[in-house]
Amino acid sequence: MAQRDIPKAYEPGAIEPRWAQQWVERKLYTPEVAAQQRAPDKPSFSLAIPPPNVTGSLHMGHMLEHTQIDILMRWRRMQGHRVLWLPGMDHAGIATQVVVERELAKQGLDRQQIGREEFERRVWEWKAHSGGTIKNQMIRLGASCDWTRERFTLEPALYRAVLEAFLRLYHEKLIYRGRYMINWCPRCLTALSDLEVEHQERDAKLYTIRYPIVGTEHSLSVATTRLETLLGDTAVAVHPEDERYRKFVGQKVLLPLMKREIPVLADEYVDREFGTGVVKITPGHDPNDFEVGRRHGLAEIEVMDDAARMNQNAGPYQGLDRFQARKRVLADLESQGLLEKVEPYRHAVGLCQRCKTLVEPRVSLQWFCKMKPLAEPAIQAVRDGLIKIVPENWEKVYLDWMERIHDWCISRQLWWGHRIPIWHCGDCGALTPARDSQVEVVNDRPQAASPPAECSQCGSGKLTQDADVLDTWFSSALWPFSTLGWPDQTPDLEAFYPTTLMINGFDILFFWDARMIMMGLKLLPQDWPVEKRIPFHTLYIHALVRDADRQKMSKTRGNVVNPLEITERYGTDAVRFTLAIMAAPGTDISLSEDRLKSYRAFANKIWNAARFIFMNLDKAEEASGESAEQILSGKFPLEPSNGERSWPTEPDLADRWICTRVMEVARAVEEALAGFRFHEASHQLYHFFWHDFCDWYIEWVKPRLFSEAGQPNRVAFRNLLCVFEESLRLLHPFMPFITEELWQQLPHKYESIALAPFPQAGKVPDQWEKAAQEMALVQEAIVALRNIRAEMKIDARRRVPGELAATEESVVELFRSQQEVIVRLASLTELKLSPDSLPAEGGVLRHAARFDARVPFSPDDLAVEVKRLQREKEKLGRQLESARTKLANQQFRRKAPQEVVRGLEQRQTEYDTQYQKVSSLLSTLEHRLGTDSAPSAGESR
RNA sequence: AGGCGCGUAGCUCAGUUGGUUAGAGCGCUACCUUGACACGGUAGAGGUCGAUGGUUCGAAUCCAUUCGCGCCUACCA
């Protein structure tokens, strides 16, 4: 009875969910559990996940990221590192709040109507409802993270980390509160940091307006794109050295529509070349004007409310929104004859990253984090190479930004997040921080547990906590250490910090990576050396996933590919492999169905190779009455023992060759992965498994395998199985499901292939070293014979006799030793070997450098063969010529490295031999073609 | 405005520090259901490496200029 009867076609859907579930249940990826089976003999290898939005769902970007992370984690785990991939979720302040507000809107409600308490309750409810989505998706996709250590940014422990960080920075005066110009989203009703503003080029108009100079007939012409802000102007400015306007400095102009007199002042900020050289100054609504205003002590008039509607300061325009106001202002200026001209103008506008509403610069009382002192050590750490950024070019981007960093607005007028642990005094207005960072849970919600008892200034007890919450990225910045227990010095922090690696997309380089580095260096114990305080040793920046037309995937474009959906169709392993093999550093990935199909085919190939092997294993068990273990007699698998890797017993040429290939591939995969070149590693594996292992090795082994009646030849089979098992281990980091499924059906000593050792690159035994060359020569001979058959249109089903000849005795011997294989793989009836060259008579010839191949079959179209030979002769002639020219060049001989020259010399000899042979063969055939005088032969084609 | 990246076979992309005849997958052509696999096998066709100039014995690779895309950063109204 067959033990391992597997379906003919690979069906990922039937196996993946089962393994996904088991892996989590058995906690295989919890380092402590893994260590029980196989004690790690290498250092810790840790990574904190870029935490996805707790209420979000997985997109292709996640899948790419997780695939790359998972490949590295599985690889290192198999190599014997103590691996921790720490998973978790981010509360994602604005993003989540926007979603919940949308839900409210469906019921005709907004958050103000239901109040903070109720709103927060609903967000937690929403989180409970949809918070598990990504986790389940990750599990389904086989992410090998340690779910026992899962974290959430708003859970009490991490809340405490945030309070601790805030209070420390506050006490050091690195966090301060003040009225400054910030970016305001009138829809989200919150401040945004500079990074949360997206810039977009848009067509607009540049309006030139006349500001009458008080007491004269003159006026100053001022250009602006934002007419409505005119209502808040408190000055106009010119450049101090601008001769045209010098005389007006100090005079007043009459602000149109508002009839307010405002000064003309001089400031270097003004660009004389632009527009008229006169700028209107609106300190309340423009970041530059704000600076100018502060320099000159101007009033900061706000003409809009928080929803960007004109307020009482906008006079007659009160109540209009900013766009209506612009139209009305335009109309009024026009009717008063103050509009000089309107020109089309293209400029960048700022949009709220979350809701795409036009951002309104606004003066507002907010909390800020001082960045310069934090940035300096963070710059140094990267400069000194303590933190490596890969690919390298991102390092420059990082440094550029860090060197020009501005203070970070960290307060948000949201209700979902970590509330600022500062209390305001109802009597004197002074600020008092929480006494410590303790957190308590009230109604299932964490909050600061140590409010101050009284005002630090006046001792009043009338204290209320600041209403704002912190920017989500503030808590994210602590993630690599808050998740490991900081501020406590936990065993986990000791064991896994600094994390080995951080992997994320370039879009959060500033948002997150830079801030993690700054906070890590600042907040970890200052008596630790710098290299222990950094959050990670290496930062790898991955590419973006685009659609097949190279468009960015986005909900608005409607081209979002759902990872779960394509996974259903192609299998997780195939999708993972596609992402890995397309992930060349520095290039975005454009995902196409064709690629997915071909790697599903690859999975199927693996499946069917297994099927072939399993069938024979079953057969062997049946015939012998022994178990697989007995049949393999302790010589399986090829795992290292005492640090030395083991080899197949009684290896024949193909065994020796495939082992050298395994060595090459293991080394290549190792080097590629160490350098984050996932595509290179995948290519190696693909080519190895499909072409080397299946196309050549399995086919090669078949004659030997079937040489005994009733059951497969034991040695041949055991070696085949050993190589197959090792291939599964090579493939496992890339294709975890299919490899686990197949591997489990072989004898094994670990609970999962994930805990088995990764094939060790090493050196094949010295006496095997010729195998690769010999194999290549035999392969070349087989291809030559097949090629003749194909060219001569010999029916593929028909076996014909073949001949090989070589002047080197060793080559003849080699062919003789592989006679059976050659006969089989070239579909021959017999193979004749001779120690000489072959004449053209009675067959079709191929000349290779070290042998001749012939099929004694008269071509039914001699002209075709002649043409082919002519082409070959031409090509050889070109190569020969090029080699000769180079070698004749004394400069080349003198300057080129010796091995290059020698290589070329050797090739020249080969070209020469072949050229001679082909020429003489050609002239014989041409002659025959002439004497046969079959005029139609040459002309019909 | 500055910075980064891309332009190689019909399509999607590789090509480490310059060194054989520039590779892969898909697609295409022809033949083949041969004892795992038609999601397969065998053999093929297909590229003046965006353009120009330079360095070099030798350039897809290095340098300069240029054209066409894409992205990031920036306070020019």
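Sequence lines set the chain letters: A, B, ... in the order given, protein chains first and strands last, and positions in each chain run from 1.
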For a quick test of reading the model: is some side-chain N or O of [X] closer than 4.0 Å to OP1 or OP2 of [N]?
X        : N      : answer
A/Tyr599 : B/rC39 : no
A/Arg272 : B/rC76 : no
A/Trp690 : B/rG41 : yes
A/Lys605 : B/rG41 : yes
A/Arg595 : B/rG25 : no

Parallel, tilted or perpendicular: which fits the ring planes of [X] and [Y], with parallel below 30° and perpendicular above 60°?
X        : Y        : value
A/Trp401 : A/Phe510 : parallel
A/Tyr10  : A/Trp607 : tilted
A/His691 : A/His687 : tilted

Compare the minimum distances between each of [options] and the side chain of [X], then state the nucleotide with the smallest one.
X        : options                : result
A/His683 : B/rG41, B/rC39, B/rA24 : B/rA24
A/Asn393 : B/rG5, B/rC26, B/rC75  : B/rG5
A/His691 : B/rG25, B/rC37, B/rG19 : B/rG25
A/Ala601 : B/rC26, B/rG40, B/rG15 : B/rG40
A/Tyr911 : B/rG25, B/rU21, B/rG3  : B/rU21
A/Cys694 : B/rA74, B/rG25, B/rA36 : B/rA36
A/Asp271 : B/rA36, B/rC32, B/rC76 : B/rC76
A/Tyr269 : B/rA36, B/rG3, B/rC76  : B/rC76
A/Arg797 : B/rU33, B/rA77, B/rU12 : B/rU33
A/Thr224 : B/rC39, B/rG25, B/rA77 : B/rA77

Ring-face cation of A/Arg595 near A/Tyr570 (centre distance under 6.0 Å, axis angle within 45°):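 Cation-pi check for A/Arg595 and A/Tyr570: fails.
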Charged tip of A/Lys702 within 45° of A/Phe612 ring normal and under 6.0 Å: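 Yes, A/Lys702 sits over the ring of A/Phe612.
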Starting from [atom2] on [N], measure out to [atom1] on [X] and report it in whole angstrom.
X        : N      : atom1 : atom2 : result
A/Phe290 : B/rA77 : CZ    : C1'   : 18 Å
A/Leu399 : B/rG3  : CG    : P     : 16 Å
A/Glu791 : B/rA45 : CD    : C1'   : 11 Å
A/Asn787 : B/rG44 : CG    : P     : 4 Å
A/Trp696 : B/rA43 : CH2   : P     : 7 Å
A/Leu705 : B/rA36 : CG    : P     : 12 Å
A/Phe688 : B/rG25 : CZ    : P     : 16 Å
A/Asp289 : B/rC76 : CG    : P     : 12 Å

Hunt down the Watson-Crick or G-U wobble partner of [N], both distances under 3.5 Å, from any strand shown, or write none.
N      : result
B/rG47 : none
B/rU73 : B/rA1
B/rG18 : none
B/rG40 : B/rC32
B/rG68 : B/rC6
B/rU12 : B/rA24

Candidate list A/Tyr697, A/Trp696, A/Trp690, test ring pair (Phe, Tyr, Trp, His ring centres under 6.0 Å), partner A/Phe693, passing option: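 The ring pair (Phe, Tyr, Trp, His ring centres under 6.0 Å) with A/Phe693 is passed solely by A/Tyr697 among A/Tyr697, A/Trp696, A/Trp690.
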Single hit among A/Phe602, A/Phe678, A/Phe689, A/Phe737 for ring pair (Phe, Tyr, Trp, His ring centres under 6.0 Å) with A/Phe577: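 The option that passes is A/Phe602.
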Sugar-phosphate, base or nothing in reach of [X], heavy atoms under 4.0 Å:
X        : value
A/Val397 : nothing
A/Arg789 : nothing
A/Tyr686 : sugar-phosphate
A/Asn604 : base
A/Asn616 : nothing
A/Val222 : nothing

Answer yes or no: side-chain N or O of [X] and base N or O of [N] forming a donor-acceptor pair under 3.5 Å.
X        : N      : result
A/Arg786 : B/rU42 : no
A/Glu699 : B/rA36 : yes
A/Lys8   : B/rA38 : no

How far does the [atom1] atom of [N] sit from the matching atom of [M], given to the nearest Å?
N      : M      : atom1 : result
B/rG19 : B/rA59 : P     : 11 Å
B/rG70 : B/rG44 : P     : 42 Å
B/rU21 : B/rA9  : C1'   : 16 Å
B/rC13 : B/rG47 : C1'   : 14 Å
B/rC26 : B/rC39 : P     : 13 Å

Residue closer to the 5' end of RNA chain B, A/Asn288 versus A/Lys702 (nearest nucleotide):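 Its nucleotide being nearer the 5' end, the pick is A/Lys702.
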5' priority, RNA chain B, between A/Ala896 and A/Asn889 [closest heavy atom]: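 This one resolves to A/Ala896.
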A/Trp607 over B/rA36, stacked by centroid distance under 5.5 Å, angle under 30°: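 Given the distance and angle limits, no, they do not stack.
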Polar side-chain atom of A/Arg611 near backbone of A/Ala9 as donor-acceptor pair, under 3.5 Å: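 Such a contact is absent between A/Arg611 side chain and A/Ala9 backbone.
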Closest heavy-atom pair and its distance - A/Glu820, A/Pro703: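 So the minimum-distance heavy-atom pair works out to OE2-CB, 3.8 Å.
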